[in-house]
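These figures come from a predicted structure and were not determined experimentally. Hydrogens, waters and symmetry mates play no part in the numbers below; they use all other heavy atoms, side chains included. Numbers restart at 1 for each chain; the letters A, B, ... are given by sequence-line order, proteins then strands.
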Amino acid sequence: MKYISEFRDGDLARQMAEALAREVQPERRYNFMEFCGGHTHAISRYGIAELLPPQVRMIHGPGCPVCVLPIGRVDQAIALALERGVMLCTYGDVMRVPASQSLSLMKAKARGADVRMVYSAADALKLAQDNPLREVVFLAIGFETTTPPTALVIREAARAQVKNFSVLANHVLTPAAVTHILNSPEVAQWGTVPLDGFVGPAHVSIVIGSAPYVPFAVGYRKPVVIAGFEPLDVMQAIRMLVAQVNEGRAEVENEFTRAVTPEGNRAAQAVVAEVFEHRESFEWRGLGVVPDSALRIRPAYAAFDAELKFDLTYTPVPDHKQCECGAILRGVKRPTDCKLFGTVCTPENPMGSCMVSSEGACAAHYSYGRFRDIPMVVETVAS
Amino acid sequence: MKYISEFRDGDLARQMAEALAREVQPERRYNFMEFCGGHTHAISRYGIAELLPPQVRMIHGPGCPVCVLPIGRVDQAIALALERGVMLCTYGDVMRVPASQSLSLMKAKARGADVRMVYSAADALKLAQDNPLREVVFLAIGFETTTPPTALVIREAARAQVKNFSVLANHVLTPAAVTHILNSPEVAQWGTVPLDGFVGPAHVSIVIGSAPYVPFAVGYRKPVVIAGFEPLDVMQAIRMLVAQVNEGRAEVENEFTRAVTPEGNRAAQAVVAEVFEHRESFEWRGLGVVPDSALRIRPAYAAFDAELKFDLTYTPVPDHKQCECGAILRGVKRPTDCKLFGTVCTPENPMGSCMVSSEGACAAHYSYGRFRDIPMVVETVAS
Amino acid sequence: MSIKKDYIRPLDFKNGRVDMNHGAGGRASAQLISELFARAFDNEFLRQGDDGARMPALPTGHELVMATDGHVISPLFFPGGDIGSLAVHGTVNDVAMMGATPLYLSASFILEEGFALADLQRIVHSMAAAARAAGVPVVTGDTKVVEQGKGDGVFISTTGVGAVPAGRRLSGSLAQVGDVILVSGTMGEHGVAVLSKRESLEFETAIESDSAALHTLVAALLAAVPEGAVRTLRDPTRGGLATTLNEIARQSSVGMMLEESAIPILPQVDAACELLGLDPLYMANEGKLIAVVDAAHAEAALAALQAHERGKAAARIGVVTEDPHRFVQMNTAFGGRRVVDWLSGEPLPRIC
Amino acid sequence: MSIKKDYIRPLDFKNGRVDMNHGAGGRASAQLISELFARAFDNEFLRQGDDGARMPALPTGHELVMATDGHVISPLFFPGGDIGSLAVHGTVNDVAMMGATPLYLSASFILEEGFALADLQRIVHSMAAAARAAGVPVVTGDTKVVEQGKGDGVFISTTGVGAVPAGRRLSGSLAQVGDVILVSGTMGEHGVAVLSKRESLEFETAIESDSAALHTLVAALLAAVPEGAVRTLRDPTRGGLATTLNEIARQSSVGMMLEESAIPILPQVDAACELLGLDPLYMANEGKLIAVVDAAHAEAALAALQAHERGKAAARIGVVTEDPHRFVQMNTAFGGRRVVDWLSGEPLPRIC
Amino acid sequence: MCLALPARIVALSDADHAVVDLGGVRKSINIALTPGVAVDDYVIVHVGHAIGQIDAEEAARTLALFAQLSAVPAEGALG
Amino acid sequence: MCLALPARIVALSDADHAVVDLGGVRKSINIALTPGVAVDDYVIVHVGHAIGQIDAEEAARTLALFAQLSAVPAEGALG
Ligand code: SF4
Ligand code: SF4
Ligand SMILES: [Mg+2]
Ligand SMILES: [Mg+2]
Ligand SMILES: [Mg+2]
Ligand SMILES: [Mg+2]
Ligand SMILES: [Mg+2]
Ligand SMILES: [Mg+2]
Ligand SMILES: [Mg+2]
Ligand SMILES: [Mg+2]
Ligand SMILES: [Mg+2]
Ligand SMILES: [Mg+2]
């Protein structure tokens, strides 16, 4: 697989690990946040943590769109499906996000809701066209990467005058979340979350470009390296961050030059701008209400806005009392700090959203990294 | 089972058979038509034919509402279900009536039509109330016996203002059919169907009374005995007909006095009159278009008339070329006269409607009487 | 981290429902198996915990018998049983009808997404109780989940294995002219009990399904007559007495002549069938058998049936006749004669 | 009237569909059985025509093995097979994994009203061909029909019976620390082949399901090493390699350490999984086995697998370790280490 | 035509509904077409509706007529 | 975040759709967001849409950088 396999090479990885071990200053501690769940997933799945020197600590950020979807939003979707009889379409990852009353879209489906997993927003529109007597709602989630396809499908629905299709939009904005974290008391005042730099999002940046991260480097003096999601990309980005820290620089660097430019994908930005406008504020699971951090459908496309069409009101719902997702998404805690981790909360029965997607910090650690929590003895006994 | 078991007594039957054997005049032939499928069924199921003297021949009449339902009407119902997406409700017997293109309601169901078997017209209305988003159509069939419940449910739907319920009414009238047969060339001119009297309908007469049959006795000089559907009732009715013939009388006699009065059920007649009016003509399978032989929903209840609601037009469709149902329903032929009987046409794959209901002449003979077509040897061999 | 129990959160058998995860083959599937199926059916073979089960060799001098049935009944619960007990009895009886001793059962569950775990639990417990009562353990099984609208609560396919003495031959093809036809009891209760709970037909009756395992009755019958005297055993399930007799007549190329007045039918079964326009001879039974027996031993066979708890109402209902047309006929109680044909189509309630 | 053939109008396998009559147990059911099932599966046992089948005693010195699986796959036809062949292979393999020789199959069909007879015929013929190729006849069966919207075309539950030498013990509970873990070939083809035809996921690939009967491969393996050297055989079906290894680890209370680079996976399987965000270790296989083998005989076992047509790509993928937590772990090809957990939930395509 | 059966009314449920008994089987039916029926009356039930009533005296008379006729086997033809 | 993969365009179906190949697996995707892509271009596919393109030269440069850095193990810290 060209442009994939080369970036997973084990020999290169070992050499890079050795280089990194030499490059870190022994007395120094490097605390980097990988904003994206994609990086979290790569770190866990490929066992990158094993290859990092002890001086480097990776902090998982809030960059998983499934994880930050608040309960109240899932509740809206479930109510549409269970009470209003709509055919609710969404991406597979969203099906198991816990909502109120021990429900999830998957459990609502088992209670008779018509919930369909789609691979693409276009599939949802097609379902609407194939079922003209049904109301079809696409529950859209995602960061800037996923917004352009949603915008396209809304424009397409408008062109084709599909009357029974609408979108419950939950598209959120990366820079707002980074700002929020940098301004959080743990980072800005108390320093309980020491943050020496960011591994920046690869696929978000394909769309928005690298330029939007310059303010963090300039204004907050934090190094940012935009990195691909293959494991060698991640290791290389860490090396680049280590170099910036060692040299006292704070710049936006781009490891993912093969797909990210400073200005991003103009065509994608244009269709998003045509269909969406900023929301004043939006609730993120874990981060709370973040100003100017999400998109809403423009009045010109109001007919396709499920919130207007079904006159939905948003009721915020607090997370499970003992769930530490919020603190974990802000980098304040680790999954194993949560009392429910691995006992009450598992991927089969997630109590919080971080345990749902394999990009969630809890799920990634549970599925791939749990062995690290216990001393492990490998004995080979000839029998 | 009171009022049932007593009328099935085998000892009485034997004695009555002996009496009947003495009562017939040896040289005479007695050709009686049992108008009703109910009598056809009783004769076959209880083996009454075995108990009749050879002089008495029973001719099966058109009194099976399933049998006389023409193909074009079933086609309408199938089209409503398959093409218009309605939930089509009907009585169980109707499910297998053959329609055009080798279809039946049961086969249409296997092709995705939503066809529901109901026990009562009221169940169809309830389905409409339980499924307010669906159009529910009740395919109503039946003679005067079955019309009052349909009338009641239409009145009830109107009272409850159920907007998604309508009735495709195929209620037909017994006296018109009898008149038609008496006027048919086979009976009236050619004499190929010698008719010495009628066993008259029991349950129809509960509703309409015995009086409507007087014209046949008076005008056509045919004895009529209204008889219950239990086997002793049938035998007794035959004895009464034999007596009328022997004595040269032609009267309407009532064997079923325990439930039939001359005037019938006034309450039932009233609700029928409120909801239904006469149709100028109606096609009967086998008999063709018979004037003034069916009912239609009155304009006051037009909202519940599926023919109007769905703007249905009626297209008559000829029966299977080799199917002799028509001649059989007129008493001109017997099931075994049909080349398809028992080979191409069986109850599993009925080619004609007479093979559908166990009240149909072909089905009754196939299911109960076939052994009579062949010489039978019963040998008991000790092994 | 200490070693965690396998499932910290047990299944919610009160309010929980089957979801797609329970069938995906992962940890949720394993939990359903261990907390419900393994516990309810527990026996030494199932406890092996593998994808199949290993059991001892058959008793010497015995041959192998195998029978299977899918159970798809609606409603799932009916007077006198449920799909769980039925799935045991239906297959145990098919093995027994071969003259074999039923030894082991397998069970394949196909669950519909959304099915209440409480109902599933009730069914599995009933099935386990039936298996225990019959002495035939469920030794291996499988569970799948299908999406809502692609199943009907639960389907259960069971397969039974049994051992039959090598010399014994029982088959629907062995009926001989002159043989006597026996039934082990009253006909039609199961069919009527199920119909009484069908939506839109509902009626009240004291009739319960006769669903029961018949292998001890078979053993008693076979012990009472010489080997070979019983030609055919068959349980008149779907299609009822009428259809099952027609099957045997066709297999053996014979006719049959029944006496209507000899066929035992409960008055309430008769009444319910009248009400629905159905014929009790076509109503399913799940705890009765038909025996075609050498006339010379018919009396002993009948006595053996009647001496058993499950055969008290056993009766001699007819004889096997020579008939190239393989008609099953009946002298009616009324005094006439008629064909008793195969069931044609579904037994739908009749208005005409 | 002359004697009529049983069914004057044969089933219309071109345009016909299953309707409720085919499951009512009457003449239509009998016709479907005789014109399709009996003809396709024809063998001396099925030909007995009874509600069960009688077969000879097991070979002496052998014990009985029984396994069952319900098959509910969607789509019904996929590259490399269909639900019919799968229903044979799936159960033959479960019997084989016990170290037994599969002897007989039973089949329970649950058909949905409206299912095209042409599709049913194709499936039954494929099933019959698979059974013939495997030398394991379908000796008894059952067919039910459920209303449209209460099934999904066709479900097939098969049960297999086999014979295992009395001294042989193979079980998921017998893995020992130090044992070697082998797989008989590349992982994940079946799962990917099926997903490639799922509505709304559709992609084009040359990958075919690996669906195949493995009993001759098992026989070759067991013949190559001393009795007892093979501790466990298991086919990594639902849940894939990862889940099946976790099952064994739990049953035997051991851990496992795998080498990612040693696990054979076709490049196209890898690519398809990348595309869908899935992991090939969780993709189902239907013609592969996992063997846990005494390290001393691992080489001989591997050679025996590789010498067989179905085991050419067999590989040694890891070892059994001591681990009270029963973790299955893996050294990644990248150089790290990670847990290889049970499948959790359904393998849904992932966007994140 | 039209399957219909005599059954005894065992309870009146409301103005339009009653429970009937037939040989121990009970079913709720509609009695709107037979105003005035009372408990213990026998009605004729068709598609879930009472469409008429059994006149007990007439029934007895019919049965008596059967019995009488068959009891006089030697008397020859009727009337 | 957001699973996305580089795949080669093997055919343009219409203005908005193309078939891509990833290791022998082919899938139809939407290319409306990457106007101007041509056969043999590598695009980045996310939820069935091409959201960007791979710059082959940059990719080669990145790989070269990896190799170079790791090939000079003795030179110590970067930069
Ligand atoms: S382990 Fe579960 S409950 Fe705890 S923080 Fe993570 S998601 Fe929340
Ligand atoms: S046997 Fe069939 S085809 Fe012939 S007349 Fe009767 S219904 Fe018609
Ligand atoms: Mg069976
Ligand atoms: Mg059975
Ligand atoms: Mg049976
Ligand atoms: Mg299984
Ligand atoms: Mg359902
Ligand atoms: Mg199995
Ligand atoms: Mg299997
Ligand atoms: Mg297996
Ligand atoms: Mg069966
Ligand atoms: Mg379906």
Peer 1: Please identify, among Gly24(E), Gly23(E), Pro6(E), the residue contributing the most non-hydrogen atom pairs under 4.5 Å to chain B.
Peer 2: Pro6(E)

Peer 1: So, do His49(E) and Ser120(B) sit near enough that their side-chain heavy atoms are less than 4.5 Å apart?
Peer 2: yes

Peer 1: Using non-hydrogen atoms and a 4.5 Å limit, figure out which bit of Ala56(E) sits close to chain B: side chain, backbone, both or neither.
Peer 2: both

Peer 1: Report the distance from atom CD1 of Ile54(E) to atom NZ of Lys2(B), rounding to the nearest 0.5 Å.
Peer 2: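 One gets 10.0 Å once the value is rounded to the nearest 0.5 Å.
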
Peer 1: Which pair of non-hydrogen atoms, one from Ala67(E) and one from Leu12(B), has the smallest distance, and what is that distance?
Peer 2: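 Of all heavy-atom pairs spanning Ala67(E) and Leu12(B), the closest is CA-CD2, 4.1 Å.
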
Peer 1: Atom CG in Leu3(E), atom NE2 in His41(B): separation rounded to 0.5 Å?
Peer 2: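 NE2 of His41(B) is found 8.5 Å from CG of Leu3(E).
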
Peer 1: Counting only non-hydrogen atoms closer than 4.5 Å, does Leu152(B) touch chain E with its backbone (N, CA, C, O), its side chain (CB onward), both, or neither?
Peer 2: side chain

Peer 1: Sort Asp9(B) into side chain, backbone, both or neither according to what part of it lies under 4.5 angstrom from a heavy atom of chain E.
Peer 2: neither

Peer 1: Could you walk me through whether Phe66(E) and Arg239(B) pass side chain to side chain contact (heavy atoms under 4.5 Å, CB included), step by step?
Peer 2: CA-CA 11 Å; Phe66(E) 291 176; Arg239(B) 293 184 64 208; over 6 Å; no

Peer 1: Output, in order, the C-alpha distance, side-chain angles, deciding distance and verdict of side chain to side chain contact (heavy atoms under 4.5 Å, CB included) for Leu63(E) and Phe7(B).
Peer 2: CA-CA 8 Å; Leu63(E) 280 172; Phe7(B) 295 89; 3.7 Å; yes

Peer 1: Is any side-chain heavy atom of Thr146(B) closer than 4.5 Å to a side-chain heavy atom of His46(E)?
Peer 2: yes

Peer 1: Please give me the minimum heavy-atom distance between Glu58(E) and Arg258(B), naming the atom from each residue.
Peer 2: CB-CA, 3.6 Å

Peer 1: About how many Å separate CD1 of Ile44(E) and OH of Tyr3(B), when rounded to the nearest 0.5 Å?
Peer 2: 10.5 Å

Peer 1: Shortest non-hydrogen contact from Gly52(E) to Ile206(B)?
Peer 2: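 For Gly52(E) and Ile206(B), the tightest heavy-atom pair comes out as CA-CG2, 3.7 Å.
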
Peer 1: With a 4.5 angstrom heavy-atom cut-off, could you sort out which part of Glu34(B) is near chain E: side chain, backbone, both or neither?
Peer 2: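 Glu34(B) has no heavy atom closer than 4.5 Å to chain E.
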
Peer 1: Can you measure from CD (Glu156(B)) to CG (Asn30(E)) and round to the nearest 0.5 angstrom?
Peer 2: 9.0 Å

Peer 1: Which heavy atom of Leu33(E) sits nearest to which heavy atom of Ala268(B), and what is that distance?
Peer 2: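 In this case the closest contact between Leu33(E) and Ala268(B) is CD2-CA, 3.9 Å.
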
Peer 1: Go through the steps to decide whether Val47(E) and Tyr119(B) satisfy the test side chain to side chain contact (heavy atoms under 4.5 Å, CB included), and finish with yes or no.
Peer 2: CA-CA 6 Å; Val47(E) 296; Tyr119(B) 178 75; over 6 Å; no

Peer 1: Is it the case that the side chain of Asn265(B) and the backbone of Ile51(E) share a donor-acceptor pair, with hydrogens and angles ignored and the cut-off at 3.5 Å?
Peer 2: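 Yes; at least one donor-acceptor contact below 3.5 Å.
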
Peer 1: What part of Leu5(E) gets within 4.5 angstrom of chain B, counting heavy atoms only: side chain, backbone, both, or neither?
Peer 2: side chain

Peer 1: Yes or no on side chain to side chain contact (heavy atoms under 4.5 Å, CB included) for Ile4(B) and Leu22(E), after CA distance, side-chain angles and deciding distance?
Peer 2: CA-CA 10 Å; Ile4(B) 297 179; Leu22(E) 174 74; 3.7 Å; yes

